[in-house]
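Start at 1 and go down the list; that is how both ligands and their atoms are numbered. Each residue takes its place number in the sequence, starting with 1.
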Amino acid sequence: MTELRRLAKEESLPVYLVGGPVRDVLIGMPIRDLDFVVEGDAPGLADRLGKELGATVVRHEAFGTASLALPDGRVDLATARREVYPKPASLPQVTPASIHEDLARRDFSINALALPLFDDQPRVLDLHGGVEDIRNGLVRILHANSFVDDPTRVLRAIRYEQRLSFQMEPDTLSRLRDATGQMSLLTGDRLRHELERILEEKHPAPVLDRAAQLGALQGIHSSLTDTGAVGRLAPGQPVLVYLAALTYPLSSQEAEGMIQRLNMPGPWAEVVRHTGELKRLEPELSVDNLPPSSLTGFIERFSEQALVAVSRFSSSPLVAQRIERYLTEHRHVSPIFHGQDLLDMGIPAGPLVGQVLQELRDAKLDGKVHTEADERTWVLESLARKGQSADE
Ligand code: ATP
């Protein structure tokens, strides 16, 4: 920031710190990434800054933006722009503009703040009453059509309200309620991106609960109603663990519908599917005296993320504890004997080798064999039972 400020002052460049960082400084919250707006060529300025700091610059020429990865966070620079929405929920048409127009296109007054870097004694540029709204703890849209233009703002408003412990300004709240139906016009990618932003929050449960209360959770997918499993998780879990908890109550058909609607990438879809399958297996996983080999047989095909997730929020403590035991203990168990040892004992190469090894592992899991000598005896007995012999 110091370097950019020097450049801005030396050359009288109209550069502003904008949005989240200005908001968070005023609230007294730690800031993460820095967003700057330039009335002019942002990628060009980013190049010069990158050279001075020895940082790599990634330019997005088409959007007039560029970013730098610095040791203490990301810095984004954007050319000030105006946005026009050709139709509701579509992506806006963007043209270069003044900082005033750039602030006017933003979602909420608390985000429509800019701090000029080129002034000696900078004062916050606050054209929409954002400072007052921060003081009063209010989330407020800038114009009546805001949620209709961009229904992702419905979820953004709820996220800020809950994260900052703010309240929705009454007119904003009533327009938000009216706009939840418009969320169906959003593309899957945009909707998923906002869901991901919610799941990246330290405390997603209150955001999801509030979204459910306002009808916006069903705007993500109509089958989402029960957020209980998310509420059972400790704060700060990975996104996919929260996703698993959110989709845990869904039937397989509902889950498939949500996977399609949000155009989920492979890892998301896998966690959602595996979580559902695990939930449906819970009766089998809850029986008395379930041997470790049976438990392993039931669950070893599932992804680690789904297993970790279900072990953290399953409503059955027994299932949670068994999955946890599988993850920490059972899955690391393997026989001392390898395939080659069985071949060396004279078992012919083929499926029998794999079968014996699998059964040997199960025996070890269930505590029937411990030492190498136990394993040898067990293999010989197993072969005898199968009517095979080893040439020892
Ligand atoms: P966070 O603390 O969640 O990172 P942020 O304010 O930095 O908050 P971003 O999503 O990174 O949020 O967006 C940066 C800025 O861009 C916001 O402060 C806001 O001014 C603007 N913005 C982002 N999304 C929208 C949107 N859908 N409509 C209007 N303005 C938006």
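Under the 3.5 Å distance criterion, with hydrogens and angles disregarded, no donor-acceptor pair is assigned to the side chains of H100 and S98. In this model, a donor atom of one side chain and an acceptor atom of the other lie less than 3.5 Å apart for S314 and E282. R140 and T172 are not linked by any side-chain donor-acceptor pair at a separation below 3.5 angstrom, with hydrogens and angles left out of the test. For the residue pair Y326 and R322, no side-chain donor N or O sits within less than 3.5 Å of a side-chain acceptor on the partner. Remark: the N111 side chain and the R106 side chain contain no N/O donor-acceptor pair separated by less than 3.5 Å.
Distances below 4.0 Å separate heavy atoms of R159 from the following atoms of ligand 1: 3 (O). Proximity to R197 (heavy-atom distance under 4.0 Å) selects the following atoms of ligand 1: 1 (P), 3 (O), 4 (O), 9 (P), 10 (O), 11 (O), 12 (O). Close contacts of ligand 1 with D35, meaning ligand atoms under 4.0 Å from a residue heavy atom, involve 7 (O), 14 (C). Residue D150 approaches ligand 1 through these ligand atoms, each under 4.0 Å from one of its heavy atoms: 26 (C), 27 (N), 28 (N). Listed by number with element, the atoms of ligand 1 under 4.0 Å from a non-hydrogen atom of T152 are 27 (N). Those atoms of ligand 1 that come under 4.0 Å of a heavy atom in G20, given as number and element, are 6 (O), 7 (O), 18 (O).
In this structure, H274 and F302 have perpendicular ring planes: the angle between them is above 60°, well past the 30° mark.
Atom 12 (O) of ligand 1 has as its closest protein heavy atom Y160 OH, 3.2 Å. Given atom 3 (O) of ligand 1, the protein heavy atom at minimum distance is R163 NH2, 2.7 Å. Taking atom 19 (C) of ligand 1 as the reference point, the nearest protein heavy-atom neighbour is D107 OD1, 3.4 Å. The nearest protein atom to atom 21 (C) of ligand 1, hydrogens excluded, is given as R106 NH1, 3.6 Å; this is a heavy-atom distance. In terms of protein heavy atoms, atom 24 (N) of ligand 1 is closest to R156 CZ, 3.1 Å.
Within the structure, salt bridge (charged side-chain N to carboxylate O under 4.0 Å, His left out) pairs that include any residue of residues 117-127 comprise K9-D120 (at least two apart or interchain).
When the options R153, R23, R74 are ranked by their closest heavy atom to atom 28 (N) of ligand 1, first place goes to R153.
With ring centers used as reference points, F313 lies under 6.0 Å from Y248.
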